[in-house]
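Okay, structure first, notes after.
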2 protein chains.
Amino acid sequence: MAAPPRTVQPARSVKRREDSLSRARILEASIELLDTCGEEGLTFRALSERLATGPGAIYWHVANKSDLLTAACDAILARTMDAVAITTPEATIRAVASALFDAIDKHPWVGSALTTAAVLSPIVRILEPIGQQVCALGVPDEQQWAAVSALMAYILGVSRQNAANGQLARTQGLDRSCFLASVSDAWSQLDASAYPFTRSAAGHIRDHDDRVDFLAGLDVVLRGIGSSRRRSHA
Amino acid sequence: MAAPPRTVQPARSVKRREDSLSRARILEASIELLDTCGEEGLTFRALSERLATGPGAIYWHVANKSDLLTAACDAILARTMDAVAITTPEATIRAVASALFDAIDKHPWVGSALTTAAVLSPIVRILEPIGQQVCALGVPDEQQWAAVSALMAYILGVSRQNAANGQLARTQGLDRSCFLASVSDAWSQLDASAYPFTRSAAGHIRDHDDRVDFLAGLDVVLRGIGSSRRRSHA
DNA sequence: ACACAACTAGAACGCCGTTCCATAATATTG
DNA sequence: CAATATTATGGAACGGCGTTCTAGTTGTGT
């Protein structure tokens, strides 16, 4: 009886031929493909060509495309979080946020993969360090979940939006500043009485730094966490 | 010379046959299809069958699938935002947030459509009312963007995650509580020393109300906005 | 009645994820 | 060392997708 394709490798105790496939090699090639060609560049055909094999062979090591994408996403997040130094609670949260923002900016596909991703591995990698630092801040137990979910939603939400904008700009063949200018123009031309805020935001959008704004918004959330903590201690 | 397919309708001045196609009819059918069959249920073939026509005919009224999805998303958001009553700034923000949470919970595909959506129409529908209320709160100009981006990231981020969880549960054929229980179990079985926070969160996850937690987190962000406003006035 | 534009419908194209299966490489057994 | 079972490979094939093409139909203006 032919065994069904392995999804989990049996710890490869013995050596096989030099050029043999492995989950690790497939993952590495997938990440390269995703980084160079974007999310729609990852296909089993392109992947098998790059690995000099057929599509069928890949399925021995990987369950399906979703499995592949989740694993690639997890690999990036693991590297990203490992590189974050732990210092003060607030500083560490800021460092985690910055690292995630940069990682998702560099690998935009991670943003969309996170939405689809199973709740298990990739999300937990982010949840755990943020949760630990929120605890270290002294947030009482019953408020921790709200604090952590606000932080995670903010960090991932803005990072994802930033990555999506970058991809949209690339699709239209514009660089960052041209893209921002075109959005700003479009917003300026909206009806003045119906869209006063969006029109006023158009000016700010034109030449802002996404990363600076991201950290400013993070401070807003952190202040919210700080003030509720103080309130409950009073 | 045959005109290229219309993407914008010429205001249909004269009547055509009763069963003629139109952008509105296509959009309506798309939303039904998305709601009943999920995001992958929207295909040009299924759509053309439901409309008793061929795939080609649809392309006369719609540029491509992305256009179709964005328009459907925009339609839902327009209805959602129109239904929100404007009262106190804080109460209105909470009402907008609640309405969006419920709309995305009911139409999970809106969540993912928003990620891809062109920055123009759908996002602006949300940006504008939130921005107006943040202004009404008295947040000074230079802090408005950080406040609004924090609110939007939080609201859309949590709503999207909630919708994604619902879809994941449906994929696995579990109802909400079974799904939460399985996540909670998985988190409980993580290594105690490496994942203390996630393990402690497992208990809370098990029988929480997403909507209640969502509003609690929203208050954290609102407090952050309030405290930074006070600080700058001091 | 005729010409021309607006619109329809379905066949066809190329690509996708996935499955199947004949075969090769390796491990295990007698 | 031969024989056999297991593990792994790769290419052909399937059904379905978004999209394009085009022959045809419906409606309008002259």
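The figures here come from the full heavy-atom set of this structure, side chains too, leaving out hydrogens, waters and symmetry mates. The chains referred to below are lettered A, B, ... by the order of the sequence lines, with proteins before strands, and numbering in each begins at 1.
Nearest-nucleotide positions on DNA chain C place B/L51 closer to the 5' end than the other of A/A57 and B/L51.
Rounded to a whole Å, the CZ atom of A/R25 is 13 Å from the C1' atom of D/dT9. Here the P atom of nucleotide D/dG10 and the CG atom of A/L47 are 12 Å apart, to the nearest Å. Across the protein-nucleic acid pair, B/L42 atom CG and D/dG16 atom C1' stand 14 Å apart, rounded to whole Å. Distance, B/E49 CD to C/dA9 C1': 14 Å, rounded to whole Å. Remark: C1' of C/dC16 and OH of A/Y59 are 9 Å apart, rounded to the nearest angstrom. Note: CG (B/L69) to C1' (D/dG18) measures 13 Å, nearest angstrom. In this structure, A/I58 places its CD1 atom 14 Å from P of C/dT19, rounding to the nearest Å. In this structure, CZ of B/F44 is placed 8 Å from C1' of D/dT19, rounded to the nearest angstrom.
To the nearest 0.5 Å, the span separating CG on B/D207 from CG on B/L180 amounts to 8.5 Å.
In this model, a side-chain donor or acceptor of A/R45 finds a partner on the base of C/dG17 within 3.5 Å.
Between D/dA8 and A/W60, a contact under 4.0 Å exists linking OP1 or OP2 to a side-chain N or O. Using a 4.0 Å cut-off, some side-chain N or O of B/T53 falls inside it from OP1 or OP2 of C/dA9. Between C/dA6 and B/H61, no contact under 4.0 Å exists linking OP1 or OP2 to a side-chain N or O.
No more than 12 heavy atoms of other residues, nucleotides or ligands shown are found within 6.0 angstrom of CD on B/E49.
B/T53 contributes no side-chain N or O that, together with a main-chain N or O of B/S48, makes up a donor-acceptor pair within less than 3.5 Å. Looking at A/T80, its side chain does come within 3.5 Å of a backbone N or O of A/I76 through a donor-acceptor pair.
Of the candidates C/dT8, C/dG10, D/dC17, C/dG10 carries the atom nearest the B/P55 side chain, counting heavy atoms from C-beta on.
Ring geometry, A/Y154 versus A/F214: the interplanar angle falls under 30°, so the pair is classed parallel (tilted spans 30 to 60°).
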